[in-house]
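Here is the structure we will look at.
Counting starts at 1 for both ligands and their atoms, in listed order.
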Amino acid sequence: MRATTLVAASLVPGAYTATAAPAGAKVLVIGLDGAMYNKIREVRAPNLLRLVAAGTLSQTSLVPHISLSGPSWATALTGVWDRKHGITHNDFDAAPFDRYPTVFTLLERAGRRTAAVATWSKIATIAGSGTPPAGRIVTTAPVPDDPDEAKTDAATADAAIAALTGDAPDFLFVHLDQVDFAGHRHGAASRAYLDATTRVDREVGRIVAAVDARAGERWTVLVTTDHGHLPKGGHGGQTRDETATFVIARGPGFDPGVTDAHYALVDITPTALDLLGVPIPRGLDGGSMRAVRFAPR
Ligand SMILES: [Zn+2]
């Protein structure tokens, strides 16, 4: 095992040396657009809090990164902040991902199978970029008569569960949007925002149950958000509410009940690469959440 590690290091000078992927290693990332951890606690969202209890939690801030979905999901899915990938709003194309390949591209190049299932259509722009793009990309068609996006997110969760049945990918990213929708419409201080948080927690529970039902595989579940929301709704600025973010990591190597402020959105991609035994490229702003436990940055 040690010899293998040394060979891998010599092939990729200077790169963080990922350990060989344990047999059956798989990664699920759930992105909850506009969700806030203090609201998850307030509604006692059972499924998310169960992941926290069984895993590691980090609550961090996006400062000095723009608190919008485009920049933030690009960061989660590349491992670099907005100043590198250059995406500063929600209207972007695939060009930045030539320079900073997505986690999908990096994994596919290494022979791992990837998929993205999303309510927000711009996730498909990220997942569909590069050579090769994600192996499977699903954008949920908006469900008619869905005033709070609950039905559309349920359809996204259904599609994610379908992807997790049978021949599951090695890496799956799922994006759910209804909490952000409630934030824009009613504000983070509203009852509607709390209700959306409770509803999205149920979708998280269904998706994680599909992972946990798979025998003989070692899944790591990562949950994160792209930004928070003002009490009156909206985001993009640098207030504490807008920049609030979190990462939950549950799986082999993440101790139960640990809180560790070293983890952020930018660490999602390098962590997924590390967990799946794929070398982390140089020049990323993030690092493996497994590595920072031993070498805090
Ligand atoms: Zn938003």
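- For H229, every N, O or S atom stays at 2.8 Å or more from the Zn ion (ligand 1).
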Point to revise | Candidate pair R191 and D195, rule salt bridge (charged side-chain N to carboxylate O under 4.0 Å, His left out), full reasoning | key: CA-CA 6 Å; R191 182 71 237 171; D195 290 346; 3.1 Å; yes
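- Under the 6.0 Å cut-off for aromatic ring centres, W120 and F181 do not qualify, their centroids lying 6.0 Å or more apart.
- The Zn ion (ligand 1) has an N, O or S atom of D180 closer than 2.8 Å.
- Under the 4.0 Å criterion applied to side-chain N and carboxylate O atoms, D241 and K232 are not assigned as salt-bridge partners.
- At a threshold of 2.8 Å, the Zn ion (ligand 1) has no backbone or side-chain N, O or S atom of H227 nearer than that distance.
- Counted by atom type alone, D274 and S288 present one or more donor-acceptor pairs between their side chains at under 3.5 Å.
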